[in-house]
Amino acid sequence: MTRVFALVDCNNFYASCEKLFRPDLKHRPVVVLSNNDGCVVARSQEVKALGIQMGGPVFKLADDIKRHGIVCFSSNYALYADMSDRVMSLLEEAAPALEIYSIDEAFLDLTGVDNCTNLLAFCQALKRKVDTHTGIPVCIGIAPSKTLAKLANHAAKQYKATGGVVDLMAPERQVRLLALIEVAKVWGVGRRISKKLQGLGIHTALDLAQADINMIREQFSVVLERTVRELNGIACIELEQVPPTKQQIICSRSFASRITDKTKMREALCKYVTRAAEKLRQQKRKAKVVNVFIRTSAFSADEAQYSNSLLADLPYPSDDTRELIAIVEASLDTLWKAGYRYAKAGVMLLDFYDAEHEQGELFSSDRPQIQSKKLMQVLDKINQKGIGHVYFAAQGTAPVWLMKREHLSPAYTTNWKDLPLVR
DNA sequence: TCTGGGGTCCTAGGACCC
DNA sequence: TCTGGGGTCCTAGGACCC
């Protein structure tokens, strides 16, 4: 049976979430900024029309922001995650199988659906449903492979006449669309690969689809080879209904202002590892390897640069914040070099083990701390319930390196105090 | 002054084994 | 003096994604 995939992608997701609760901004240009209000990470339609690029640093856009009256928001992940849940649960109701691919995208497996109903009509109805129930506009692309579904979605966004839904099941429609799309827009083709492809005379998605598969494998990799097959309508990438268990957990941040003091750095790293340990326990895993990194800013070319990381092994897998803090502190003692202006740091947890099924160490005298599990459970419970906030002294009490979030919108959907009022 | 954060997968090359 | 070939495992780094 021919496979049928649909990709549902929310339009300008973060910007749409912000506009939802601010009807006064309906036709105004809106951008959402990254952590520290550093870069533009989402743009409303009006902003895209102005030609403002994604990922650009905000300070370089100061003129544009003023001239066009662009409204800026700091990223409000609590709001976006909640709106995402609402969209995803509607999709889940409608489709036989669903893969949540990112906060604003989901693949649906619609194989066999065309036996009972028209695919295009089915997806148009789904789009309307999401719109009426959540207010978030989406576009949908339908195709026999995920990579083609991505391109169909791209076309649905780009061409107004499609009404936001494109059915790319027919091979002749695939050829026509692929000829119009630059190769760099293909899922899995990034900056480096597209540059190399251009050099080989491959400019459009159709060129890539028709390229010699052996040459692609030799010159690039099995990954791009798979992309070529997918462009030819052969489904190689399956729907992943169950998210795979994580291999690593990263907590890292750029600092709102540079750090030159070791104590401040230690506090920051302890905060990150605490957060990472919370995520670890949520996933019911223990980690045996911890990677700590600190670095200066690569953008300040005139400044002295230093970047280093250290992998450290624990004697046994752990999810105990105290043990992880200890190893992070020891790592910092090795890594730290005074005299630099540090811009970013982070902690990575690796080499996971199942927290429920522990492997004892026969010859080692190292033993996990007694009562560790109970203590961590109590800690997590207190911090979750908002009864209060318990934290380790190592984090410090004056977080001067905290994030800059000057344009934060209220938690409209996740905090009673912030519920929008209708008068 | 100010340039995100969190992930995955693949490959090449070195270490090591027989 | 002559110094193989095949395999595995690990790691660092590159490339990609949203």
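So that the names make sense, note that chain A is the first sequence line, chain B the second, and so on, each numbered from 1.
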Here the distance between atom C1' of C:dC17 and atom NZ of A:K150, to the nearest Å, is 8 Å
A:Y101 and A:W187 aromatic ring geometry - parallel, tilted or perpendicular at 30°/60° bounds = perpendicular
- Query: If you look at every strand shown and take non-hydrogen atoms under 4.0 Å, does A:Q248 touch a base, only sugar-phosphate, or nothing?
  - Reply: base
Would you classify A:D104 as touching base, sugar-phosphate or nothing, given that sugar-phosphate means primed atoms plus P, OP1 and OP2, and contacts are heavy atoms under 4.0 Å? sugar-phosphate
From the candidates C:dC18, B:dT3, B:dG6, the one with an atom nearest any side-chain atom of A:K60 is B:dT3
Notebook entry, point to check: Looking for any heavy atom pair under 4.0 Å, which part of the strands does A:V289 touch: base, sugar-phosphate only, or nothing?
Noted result: nothing
Assert: residue with more 5' nearest nucleotide on DNA chain B, out of A:V223 and A:R341, is A:R341
Taking B:dT11, C:dC18, B:dG6 as options, the one with an atom nearest any side-chain atom of A:I250 is B:dG6
A:N36 CG to B:dG6 P, in whole Å, measures 12 Å
* Output field: ring centroids A:Y14/A:Y80 closer than 6.0 Å -> yes
| message | With a 4.0 Å cutoff (strictly under), does any side-chain N or O of A:S254 reach OP1 or OP2 of B:dG5? | response | yes
Touch check for A:I103, heavy atoms < 4.0 angstrom, all strands: base, sugar-phosphate only, or nothing? nothing
Here the distance between atom P of B:dT8 and atom CD of A:E240, to the nearest Å, is 11 Å
Separation of B:dG4 atom P from A:Y272 atom OH, nearest Å, is 13 Å
Worksheet item: Would you say A:K185 reaches C:dC17's phosphate, i.e. side-chain N/O to OP1/OP2 under 4.0 Å?
Response: no
Here the distance between atom P of B:dG5 and atom OH of A:Y77, to the nearest Å, is 9 Å
Original post:
Using the P atom in both, what is the distance from C:dC18 to B:dT3, to the nearest Å?
Top reply: 24 Å
>> Looking at A:R226, I'd like to know whether one of its side-chain N or O atoms comes within less than 4.0 Å of OP1 or OP2 on B:dC9.
In response: no
| said: Salt bridge or not between A:E46 and A:R28? Use side-chain N to carboxylate O under 4.0 Å. | reply: no
Considering only heavy side-chain atoms of A:R253, the closest of B:dG6, C:dC18, C:dC16 is B:dG6
Margin query: Any carboxylate oxygen within less than 4.0 angstrom of a Lys/Arg side-chain nitrogen, looking at A:D37 and A:R405?
Written below: no
Worksheet entry | Mutual orientation of the aromatic rings belonging to A:Y342 and A:Y306 [parallel < 30°, tilted 30-60°, perpendicular > 60°] | perpendicular
Do A:K246's NZ or CZ and the ring of A:F352 fall within the cation-pi criteria of under 6.0 Å and 45°?
no
- Short side-chain N/O contact from A:R258 to OP1 or OP2 of B:dT1, under 4.0 Å: no
Just checking A:L33: base, sugar-phosphate only, or nothing, at a heavy-atom cut-off of under 4.0 Å?
-> nothing
Next on the checklist: Can you tell whether the side chains of A:D63 and A:K66 come within less than 4.0 Å, N to carboxylate O?
Outcome noted: no
Side-chain contact check for A:S102: nearest option of B:dG4, B:dG7, C:dC18 is C:dC18
Between A:V222 and A:C39, the residue closer to the 5' end of DNA chain B by nearest nucleotide is A:C39
Base, sugar-phosphate alone, or nothing: which one does A:K195 contact when heavy atoms must sit under 4.0 Å apart? nothing
Whether A:K150 and A:E230 form a salt bridge (side-chain N of Lys/Arg under 4.0 Å from carboxylate O of Asp/Glu) is what I want to check. no
A:D63 CG to B:dC2 C1', in whole Å, measures 15 Å
Distance-only, no hydrogens or angles: does the A:S75 side chain make a donor-acceptor pair with backbone N or O of A:L33 under 3.5 Å?
yes
Stems in DNA chain B, runs of 3 or more consecutive Watson-Crick or G-U wobble pairs with both distances under 3.5 Å, sorted by first number, are B:5-18 with C:5-18
field: Phosphate OP1/OP2 of B:dG5: any A:K344 side-chain N/O under 4.0 Å
entry: yes
